[in-house]
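Input: a single structure, listed below in structure tokens.
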Amino acid sequence: MGYLRNSFKVVIVTGVPGVGKTTVLSHLSKIASSRDMKMIIVNFGDFMTETAMGEGIIKSRDELRRLPLRKQLELQSLAAYRIIEYASRELGNEGILVIDTHAIVKTPAGYLPGLPGYVLDKLKPDTIVVIEAEPEIIVERQARDKGRYRADFGGIEGVRSLLSYARTAAIASSISYASTVLIVYNREGEPEAAALEILKALEAL
Ligand code: AP5
């Protein structure tokens, strides 16, 4: 089984920037700890940002997607390796690793798969969750989230296209490790309901 899965369960949570992944996952974390579930939640971009800031090549995480593409690939591959190393230390042979990341990243060089083969070979996901919402709502959430730079996503039409690429990319990434794909709608004012939907799927793994 080791070549098909990690010893702990791996759930990858994707969605276009501003759809509310991090918000939904903070609810998931609270619910999991209230039920004594062994779960850790990591943000893929945090691992990439830490390395890139350590090298002095970015000042904020929003600069990652504008780095030279080959540098992004190097950071991406290293992040996947470090996440599994960290989860193995924290979880041992049981529990659930949840990874907050992207199935597709918009870069000046084109759309970059967030979960290419060399990343999947390390993460071996049981499930890939795609969080979605209406493009109009996502643009409003992006605008409310003042601490982040997301002005380059092309407004409602840009987000609509990205939603479609993101869902397609998640499905493509599910094939090599037979990961299930779960589409979860993050309704306005109801991030907890989205978290509960993810939890229900986790219980079936
Ligand atoms: P990351 O930090 O993951 O980028 P991001 O998606 O732009 O930001 P968030 O994840 O913080 O957005 P979110 O969708 O979680 O929204 P939030 O919960 O904040 O990644 C940074 C970078 O790392 C990427 O750009 C990329 O370069 C790189 N990277 C990452 N993974 C990679 C990979 N695999 N390969 C290559 N590169 C990778 O919510 C937004 C707002 O909405 C908030 O104000 C919130 O309060 C509100 N909100 C959320 N849900 C609701 C709701 N239900 N109702 C009302 N308001 C809501």
Side-chain angles (χ1 to χ4, degrees), residues 10-29 41-53 57-84 98-123 125 128-154 158-159 162-163 165-166 169-170 172-173 184-198:
V10 177
V11 177
I12 297 184
V13 179
T14 66
V16 309
V19 73
K21 297 183 303 295
T22 309
T23 306
V24 170
L25 291 182
S26 74
H27 286 278
L28 181 68
S29 170
I41 300 180
V42 301
N43 181 295
F44 199 100
D46 283 352
F47 281 76
M48 290 178 66
T49 302
E50 190 184 84
T51 308
M53 280 191 169
I57 54 173
I58 58 164
K59 291 197 179 68
S60 92
R61 62 194 300 117
D62 291 314
E63 291 172 44
L64 278 175
R65 63 177 182 267
R66 294 191 292 276
L67 282 171
L69 197 66
R70 290 188 174 197
K71 187 66 200 175
Q72 292 187 53
L73 301 194
E74 189 187 311
L75 294 167
Q76 185 187 47
S77 172
L78 188 63
Y81 174 79
R82 288 200 175 142
I83 285 171
I84 293 303
V98 180
I99 306 169
D100 178 348
T101 186
H102 294 278
I104 203 92
V105 178
K106 190 178 182 202
T107 82
Y111 293 101
L112 167 70
L115 302 169
Y118 54 87
V119 168
L120 293 168
D121 286 342
K122 297 193 177 82
L123 304 183
I128 302 177
V129 178
V130 185
I131 304 209
E132 296 187 349
E134 293 303 320
E136 294 80 2
I137 298 271
I138 297 173
V139 169
E140 276 174 34
R141 287 181 190 160
Q142 288 178 343
R144 278 208 302 272
D145 205 1
K146 302 282 182 217
R148 301 295 307 270
Y149 175 77
R150 293 173 175 137
D152 52 345
F153 286 110
V159 169
L162 196 56
L163 274 165
Y165 300 149
S173 293
V184 173
Y185 203 75
N186 180 20
R187 288 186 176 73
E188 189 63 9
E190 295 178 31
E192 195 175 354
L196 284 167
E197 208 177 313
I198 296 173

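Every number for a ligand or one of its atoms is a count from 1 in the order of the listing. Index from 1, following the sequence.
At least one N or O atom of Gly18 sits closer than 3.5 Å to an N or O atom of ligand 1. Polar contact check, Leu112 against ligand 1: no nitrogen or oxygen pair lies under 3.5 Å apart. Considering backbone and side-chain N/O atoms, Pro113 never comes within less than 3.5 Å of an N/O atom of ligand 1.
Nearest protein heavy-atom contact of atom 35 (N) of ligand 1 is Gln76 NE2, 2.9 Å. For atom 23 (O) of ligand 1, the closest non-hydrogen atom of the protein is Leu64 CD1, 3.4 Å. Counting only heavy atoms of the protein, atom 48 (N) of ligand 1 lies nearest to Arg141 CD, 3.7 Å. The protein heavy atom nearest to atom 29 (N) of ligand 1 is Met48 SD, 3.8 Å. The shortest contact between atom 49 (C) of ligand 1 and any protein heavy atom is with Thr23 OG1, 3.4 Å. Taking atom 54 (N) of ligand 1 as the reference point, the nearest protein heavy-atom neighbour is Gly189 N, 2.8 Å. Here the protein heavy atom with the shortest distance to atom 12 (O) of ligand 1 is Arg150 NH2, 3.0 Å. Annotation: atom 13 (P) of ligand 1 to nearest protein heavy atom, Lys21 N, 3.5 Å.
Nearest residue to atom 26 (C) of ligand 1 from Val105, Ile104, Ile138, Asp145 is Val105 (criterion: closest heavy atom). Heavy-atom proximity to atom 32 (C) of ligand 1, evaluated over Thr101, Asp62, Ile99, is greatest for Thr101. Which of Glu190, His102, Glu188 comes nearest to atom 1 (P) of ligand 1 through a heavy atom is settled by distance: it is His102.
Those atoms of ligand 1 with a heavy atom of Val16 less than 4.0 angstrom away are 14 (O). The atoms of ligand 1 that sit less than 4.0 Å from any heavy atom of Asn43 are 3 (O). Near Gly114, meaning under 4.0 Å from one of its heavy atoms, ligand 1 places the atoms 33 (C), 34 (N), 35 (N). The contact set between ligand 1 and Pro191, taken as ligand atoms under 4.0 Å from a residue heavy atom, comprises 52 (C), 53 (N). In the vicinity of Arg65, heavy-atom distances shorter than 4.0 Å reach the ligand 1 atoms 25 (O), 27 (O). Atom numbering of ligand 1 starts at 1 in the shown order; those under 4.0 Å from a heavy atom of Gly45 are 23 (O), 30 (C).
With Phe44 as the fixed residue, the side-chain contact (heavy atoms from CB on, under 4.5 Å) test singles out one of Val119, Thr49, Val13: Val119. The side-chain contact (heavy atoms from CB on, under 4.5 Å) test with Thr14 is passed by exactly one of Val129, Ile131, Leu115: Leu115.
For the pair Ile58 and Lys71, the minimum side-chain heavy-atom distance is 4.5 Å or more. The shortest distance between side-chain heavy atoms of Tyr111 and Leu162 falls below 4.5 Å. Annotation: side chain of His102 is in contact with side chain of Pro17 (closest heavy-atom distance under 4.5 Å). Looking at heavy atoms from C-beta onward, Arg141 lies in side-chain contact with Glu188 at the 4.5 angstrom threshold.
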| said: Test side-chain hydrogen bond (donor to acceptor under 3.5 Å, both in side chains) on Tyr118 and Gln76; report intermediate values, then the result. | reply: CA-CA 9 Å; Tyr118 54 87; Gln76 185 187 47; 2.6 Å; yes
Derivation of the side chain to side chain contact (heavy atoms under 4.5 Å, CB included) call for Glu132 and Ile138: CA-CA 9 Å; Glu132 296 187 349; Ile138 297 173; over 6 Å; no
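For the salt bridge (charged side-chain N to carboxylate O under 4.0 Å, His left out) test, residues two or more places apart in sequence or in another chain that qualify with Arg65 are Asp62, Asp152.
The shortest heavy-atom distance from Asp46 to ligand 1 is not under 4.0 Å. Remark: distances from the non-hydrogen atoms of Arg61 to ligand 1 include one below 4.0 Å.
For Arg70, the CZ atom sits in a loose shell: 12 or fewer heavy atoms of surrounding residues, nucleotides or ligands are nearer than 6.0 Å.
Residue pairs meeting the side-chain hydrogen bond (donor to acceptor under 3.5 Å, both in side chains) criterion with at least one partner in residues 18-29, sequence neighbours excluded, are Thr22-Asp100.
Counting heavy atoms closer than 4.0 Å to ligand 1, residue Gln142 contributes nothing at all.
In this structure, the side chain of Ser77 does not engage the main chain of Leu73 through any donor-acceptor pair within 3.5 Å. At least one donor-acceptor pair closer than 3.5 Å links the side chain of Asn186 to the backbone N or O of Val19.
Ion pair Arg66/Glu63 not flagged as a salt bridge, since none of the NZ, NE, NH1 or NH2 atoms sits closer than 4.0 Å to an Asp/Glu carboxylate oxygen.
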